[in-house]
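Let me begin by presenting the structure, written as structure tokens, before commenting on it.
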Amino acid sequence: MSAKVELQGLLALINSSANEAIAEYDKAGQEVPTLDSTLSHPLDTALDSLALKKAIRVLEGACQQLCATLAPPQHTFVQNYDSACVRVAIKSSITTILEAHPNGLHVKDLSDIVHIESGKLSRVLRSLATKGCYREVTQGIFANNRLSLVLRPSIEACVQTYLHTEIVMSGASVLYENLTNQDTAFSYEPSKAPIMEVLKKEGITGTFFDWMTSNVRECLKEYHRGMIGVGSIMGSLSVLEHFPWKEVSTVCDLGSGIGPFSLPLAKMYPNLHITCHDLPEVLAQAQVVWAQKAPEAVSGQNVEFVPLNFLQKVPVQGQDVYYLRHIIHDWPDAEATVILRNVRQAMAPHSRLLIRELAIFIRYTLLFSEVFQAPKPLLPNYGAGNMRLYQSDLSMLIIHNARERTLDEVIKLGDDVGLQLAKVWDLGESCAIEFKLA
Ligand SMILES: C[S@@+](CC[C@H](N)C(=O)[O-])C[C@H]1O[C@@H](n2cnc3c(N)ncnc32)[C@H](O)[C@@H]1O
């Protein structure tokens, strides 16, 4: 393909994918929002946003590929301060303050409230507004918009964003040192992850999960709410519409957290019986959340909370579906194999295991390319349209010394414990890899 033909192909993809996204907003019954919109759109909180996510995957990929191709090469290596600016906005509650000022508030007044010098604060907010988060209504007057409204503490996606800026980014700051220090460079032990280098200075040892279960720092109490946020950021609940749950009676949610997946599942399919397995401290938190949000499932005994260490014990036997969302990617191969072997032991011939993760696409060696065929001339892995996948991979390195795996790596893990691939579900930003007994 000649360069010009390729560029025309990218332009055509931008056009078609943007129109597909617009059609999704239309279908949801309201005008397409603009950056000036101050209300959320019904599609923002829809359970199933898979079609929109797929359109955005192409749109983001094509826009970035086009810019990277046409811009002078040195132009593309810019500094990126988004995380730092978002952290300032969240920690100083800018969105919450602006909620009382729908027409905007002068940065000098904001400065008096948050005790950040107004000239510096305006630069942070202007940088975010330039990316579409907040509006600078007139010079120095900032107001909320649909994007900034996500940065409220009551919104789980905000909690997740905060944890990323607060914790993951502090680990990221020592990534180079961790990759080159003799003691950590060749290790895949969770206790030698970059974040633990930072925490060691606070006198903390062990792994991230050791720290989390014993931690009293406010942000870690929010970890499990943050996991609900991960689901909303990635549109994970589309699996409720796209997997045949009506044919299922029993589900084991292994490493369930406080129920980001199984609580909405129980609400949508009230006849299911769900067993939540996690560490005891986490299930104590889960029971409070379920009692508040899904009391009918609790009183109807549709959900059971059974503490279980998945590295040591076999989960509840013979369930129709074993669901592992964001579990395997937290662990290096040795531990991941132990978890899967335990699941394998619990499975009956009819059981299915769904591993719900982000499977890494390798640029030139795409296995299963027929499943995830990026339209040409996009990079075969959708380029920037799949960027979160590669960022999540680095987050797993930084927090757990673990990783997102390629599909063939996940399949190999399954193969090693007697599981056979049944199907790969393309769910936009993540996939569900379905296994049965080999
Ligand atoms: C990344 S979170 C995923 C939570 C949930 N599945 C989700 O998708 O949001 C990992 C979960 O694994 C749990 N976990 C960690 N170590 C565990 C262990 N040894 N046994 C059981 N659960 C564990 C954590 O408490 C946490 O809830």
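Note that ligands are numbered from 1 as they come in the structure, with each ligand's atoms numbered from 1 the same way. The structure presented is a predicted model; accordingly, all values stated were derived computationally and were not measured.
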Exercise. Which residue owns the protein heavy atom closest to atom 7 (C) of ligand 1, what's the atom, and how far is it?
Worked result: Arg325 NE, 3.4 Å
Problem set entry | Asp253 contact mode with ligand 1 (heavy-atom cut-off under 4.0 Å) | neither
Problem set entry | Donor-acceptor contact below 3.5 Å, side chain Asp320 vs main chain Thr250 | yes
Seminar exercise, completed: atom 18 (C) of ligand 1 sits nearest the protein heavy atom Phe310 CE1, 3.4 Å
Without placing hydrogens or testing angles, list every side-chain donor-acceptor pair under 3.5 Å for residues 169-177, not counting sequence neighbours.
unit_1 : atom_1 : unit_2 : atom_2 : d
Ser170 : OG     : Ile167 : O      : 2.8
Ser173 : OG     : Ser170 : O      : 2.6

For this session: Considering only non-hydrogen protein atoms, determine which one is nearest to atom 13 (C) of ligand 1 and report residue, atom name and distance to 0.1 Å.
Result: Asp278 OD1, 3.4 Å
Problem set entry | For the student: nearest non-hydrogen atoms of Ala62 and Leu378, plus distance | N-CD2, 3.4 Å
Exercise. Where on Leu254 is there a heavy atom closer than 4.0 Å to ligand 1, on the side chain, on the backbone, on both, or on neither?
Worked result: neither
Problem set entry | Name of the residue among Cys158, Ser148, Cys133 meeting side chain to side chain contact (heavy atoms under 4.5 Å, CB included) with Thr95 | Ser148
Exercise. Hey, are Asn19 and Ser16 close enough side-chain-wise for a donor-acceptor pair under 3.5 Å?
Worked result: no
Exercise. In terms of ring plane angle, is the pair Tyr323 and Phe261 parallel, tilted or perpendicular, where the classes change at 30° and 60°?
Worked result: parallel
Exercise. Do Thr406 and Asp408 get their side chains close enough for a donor-acceptor pair, meaning under 3.5 Å?
Worked result: yes
Problem set entry | Polar proximity ligand 1 side, Ser256 side, N/O cut 3.5 Å exclusive | no
Problem set entry | For His224, atoms of ligand 1 separated by under 4.0 Å from a heavy atom | 25 (O), 26 (C), 27 (O)
For this session: Within a distance under 4.0 Å of any heavy atom of Asp330, pick out the atoms of ligand 1 and give their elements.
Result: 1 (C), 10 (C)
Problem set entry | Side-chain H-bond candidate by donor/acceptor type, Glu304 with His273, under 3.5 Å | yes
Problem set entry | Residue portion contacting ligand 1 (non-hydrogen atoms closer than 4.0 Å) for Val282 | side chain
Exercise. Does ligand 1 have a heavy atom under 4.0 Å from the side chain of Trp331, from its backbone, from both, or from neither?
Worked result: side chain
For this session: Check each atom of ligand 1 against the heavy atoms of Gly257 and keep those under 4.0 Å away; list them by number with element.
Result: 27 (O)
For this session: Can you sort out which atoms of ligand 1 are near Leu308, meaning under 4.0 Å from one of its heavy atoms?
Result: 20 (N), 21 (C)
Exercise. For His400, which of Tyr188, Phe208, Trp211, Trp331 qualifies under ring pair (Phe, Tyr, Trp, His ring centres under 6.0 Å)?
Worked result: Phe208
Exercise. In the protein, what heavy atom is nearest to atom 19 (N) of ligand 1, and what distance, to one decimal place, separates them?
Worked result: Asn309 OD1, 2.9 Å
Exercise. Closest non-hydrogen protein atom to atom 5 (C) of ligand 1, residue and atom name please, with distance?
Worked result: Gly255 O, 3.2 Å
Problem set entry | Closest protein heavy atom (residue, atom, distance) for atom 12 (O) of ligand 1 | Ile327 CD1, 3.6 Å
Exercise. Can you tell me the protein heavy atom closest to atom 2 (S) of ligand 1 and the distance?
Worked result: Tyr223 OH, 3.4 Å
Problem set entry | Candidates Thr184, Asp183, Asn401 - the one meeting side-chain hydrogen bond (donor to acceptor under 3.5 Å, both in side chains) with Lys192 | Asp183
